[in-house]
Amino acid sequence: MPQPSRRSMPFYMTATTQFGLEEVLAEELRQLGAKIEKVGQRAIEFVGDTQLLYEACLWCRTAMRILRPFAGFYARDEKALYREVGRIDWSRYIRPDQTFAITAVVNKSTFDHSLFVAQLTKDAIVDQFRNRTGSRPSVDVKNPDIRLHLHMIENDVVLSLDASGESLHKRGYRQQTNVAPLNEALAAGLLLLAGWDGKKTLIDPMCGSGTLLTEAALIAQRIAPGLYHQGKFGFENWADFDAALWESVQLDARQARIEEPQAYLAGSDLSREFIELARENVAAADLEDYIRFGVRDVKEAKAPAREEPGIVIMNPPYGERIGEEAEMDALYKTIGDTLKSGFQGYDAYIFTGNLAAAKRIGLKASRRIPLYNGPIDCRLLKYELYQGTRKVSKPE
């Protein structure tokens with residue numbers, strides 16, 4: 001078969017994301033030309049060709065992984081699972097000199113343990129290689145050449161190749177990982193949920209290590225987040241990898257970048273240490289020209305005088321430690337006061353996992369979007385800060 005026709009044949013894919021970002025990711029995929037088949041929980045099923053697969057890995061801001069399903073079957077019990085996996089011709093997907101790993105997700109099935117399912121699948125693959133060739137690929141859980149994803153719901157199994165390699169939310173620009181900031185895909189998701197257009201003023205008065213602003217700069221300057229991806233993408237180790245196509249997709253992405261600053265982006269934080277860290281991250285991402293930083297208490301924060309009102313967004317601390325209630329109540333009251341006095345005419349978005357303290361903001365939320373930050377149940381709260389008149393403040 002001639003190369004171009006194989007290259008352009010469409011196939012099914014699945015993109016995974018975090019709870020609450022499904023519609024945002026579906027829209028990102030549509031923009032790339034995907035045909036959306038199903039918006040599920042934390043996953044989007046879509047159809048596209050090899051070029052779209054490469055572009056999705058490079059461009060999707062809110063995706064965690066892009067998977068390519070290649071086999072599906074029903075497995076009543078262990079014997080059936082081992083037998084069905086053994087029926088697949090694994091030499092089409094893994095070379096004996098490559099390493100591989102399997103991630104299994106098991107829901108509502110008679111198999112109670114995902115690790116066990118992964119182990120059994122691995123045995124079936126390895127045994128096939130051993131029986132046919134006498135040599136076998138090794139398992140490398142940390143950094144495999146080929147990542148396989150097994151999803152079992154009830155007893156229906158779908159096997160997929162993972163196109164991503166390292167999870168796509170790990171952009172590679174973040175210098176220290178010891179602080180617990182927002183992950184990059186969630187930060188991008190918050191901006192897209194806020195309907196930010198990449199042009200309006202964007203201020204983060206509690207910016208921490210700067211993840212929201214960094215993601216904002218990537219959106220504004222039309223920079224593909226996958227250009228920061230560390231190591232190879234998973235698909236680069238696949239048997240059907242098209243190096244020339246990948247080269248051209250990357251070239252297009254590099255040329256899409258806009259050099260001229262598109263939006264006024266600024267952040268501040270009380271901690272000088274965090275601001276230093278934010279500057280390091282932004283420098284690593286080569287975005288110094290697009291973001292202004294300053295050391296400032298949130299109660300001193302106010303809108304820049306010469307810029308049109310836009311969006312003020314922040315992810316304040318949630319206060320998970322015992323005994324922090326009073327401190328959090330005071331902080332969220334301060335945030336409310338700052339918004340009322342310093343950001344009239346702006347739309348404010350507060351992302352928090354402390355809904356009790358959020359009541360102290362003293363403004364009525366016009367939207368409440370449920371999300372998670374890791375295991376923490378959170379809300380993205382929207383407040384419309386009218387010019388002067390229609391402010392709601394609770395009597396003291």
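Computed from a prediction, not measured in an experiment: that's the story for all the values here. These values consider heavy atoms only, across backbone and side chains, with no hydrogens, waters or symmetry-generated copies.
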So which atom in [X] and which in [Y] form the shortest heavy-atom distance, rounded to 0.1 Å?
X: Ala217; Y: Ile291; value: CB-CD1, 4.0 Å
X: Ser209; Y: Asn281; value: O-ND2, 3.2 Å
X: Leu52; Y: Ala34; value: CD2-CB, 3.6 Å
X: Tyr346; Y: Glu308; value: OH-O, 4.1 Å
X: Ile102; Y: Ala118; value: CD1-O, 3.7 Å

Answer yes or no: is there a side-chain heavy-atom contact under 4.5 Å between [X] and [Y]?
X: Leu67; Y: Val158; value: no
X: Thr121; Y: Val157; value: no
X: Phe73; Y: Leu159; value: yes
X: Asp89; Y: Arg132; value: yes
X: Glu28; Y: Leu192; value: yes
X: Glu325; Y: Glu327; value: no
X: Val282; Y: Leu213; value: no
X: Cys60; Y: Leu32; value: yes

Same cluster or not: are [X] and [Y] linked, directly or through other Ile, Leu, Val, Met, Phe, Trp or Tyr residues, by side-chain heavy atoms under 4.5 angstrom apart?
X: Val249; Y: Phe11; value: yes
X: Ile125; Y: Phe111; value: yes
X: Leu190; Y: Leu218; value: yes
X: Met64; Y: Leu58; value: no

If you measure from [atom1] on [X] to [atom2] on [Y], what distance do you get to the nearest 0.5 Å?
X: Glu384; Y: Lys364; atom1: CD; atom2: NZ; result: 11.5 Å
X: Leu265; Y: Leu287; atom1: CG; atom2: CG; result: 9.5 Å
X: Lys232; Y: Trp246; atom1: NZ; atom2: CH2; result: 12.0 Å
X: Leu168; Y: Cys57; atom1: CG; atom2: SG; result: 5.5 Å
X: Arg257; Y: Ile223; atom1: CZ; atom2: CD1; result: 3.5 Å
X: Glu288; Y: Phe293; atom1: CD; atom2: CZ; result: 10.0 Å

### Query
Going by the angle between their ring planes, with limits at 30° and 60°, are His149 and His151 parallel, tilted or perpendicular?
tilted
Should we say atom [atom1] of [X] is surrounded by more than 12 heavy atoms from elsewhere, each under 6.0 Å from it?
X: Arg136; atom1: CZ; answer: yes
X: Phe129; atom1: CZ; answer: yes
X: Glu259; atom1: CD; answer: yes
X: Glu276; atom1: CD; answer: yes
X: Glu307; atom1: CD; answer: yes
X: Lys170; atom1: NZ; answer: no

From the list Gln230, Glu215, His229, side-chain hydrogen bond (donor to acceptor under 3.5 Å, both in side chains) partner of Arg171 resolves to Glu215
Using a strict threshold of under 4.0 Å (side-chain N to carboxylate O), is an ion pair present between [Y] and [X]?
X: Arg379; Y: Asp377; value: yes
X: Arg95; Y: Asp97; value: yes
X: Asp329; Y: Lys333; value: no

Under 6.0 Å between the ring centres of Trp196 and Tyr349?
no
Are the aromatic ring centres of Trp90 and Phe70 under 6.0 angstrom apart?
yes
Residue set satisfying side-chain contact (heavy atoms from CB on, under 4.5 Å) with Tyr74, at least two apart, ordered chain then number -> Arg76, Asn155, Asp156
Side chains of [X] and [Y] only: does a donor on one sit below 3.5 Å from an acceptor on the other?
X: Asp242; Y: Tyr54; answer: no
X: Thr211; Y: Arg174; answer: yes
X: Asp162; Y: Ser164; answer: yes

The single option from Thr16, Thr62, Val39 that satisfies side-chain contact (heavy atoms from CB on, under 4.5 Å) with Leu25 is Thr62
- Whether Arg222 side chain and Ala256 backbone form a donor-acceptor pair below 3.5 Å: yes
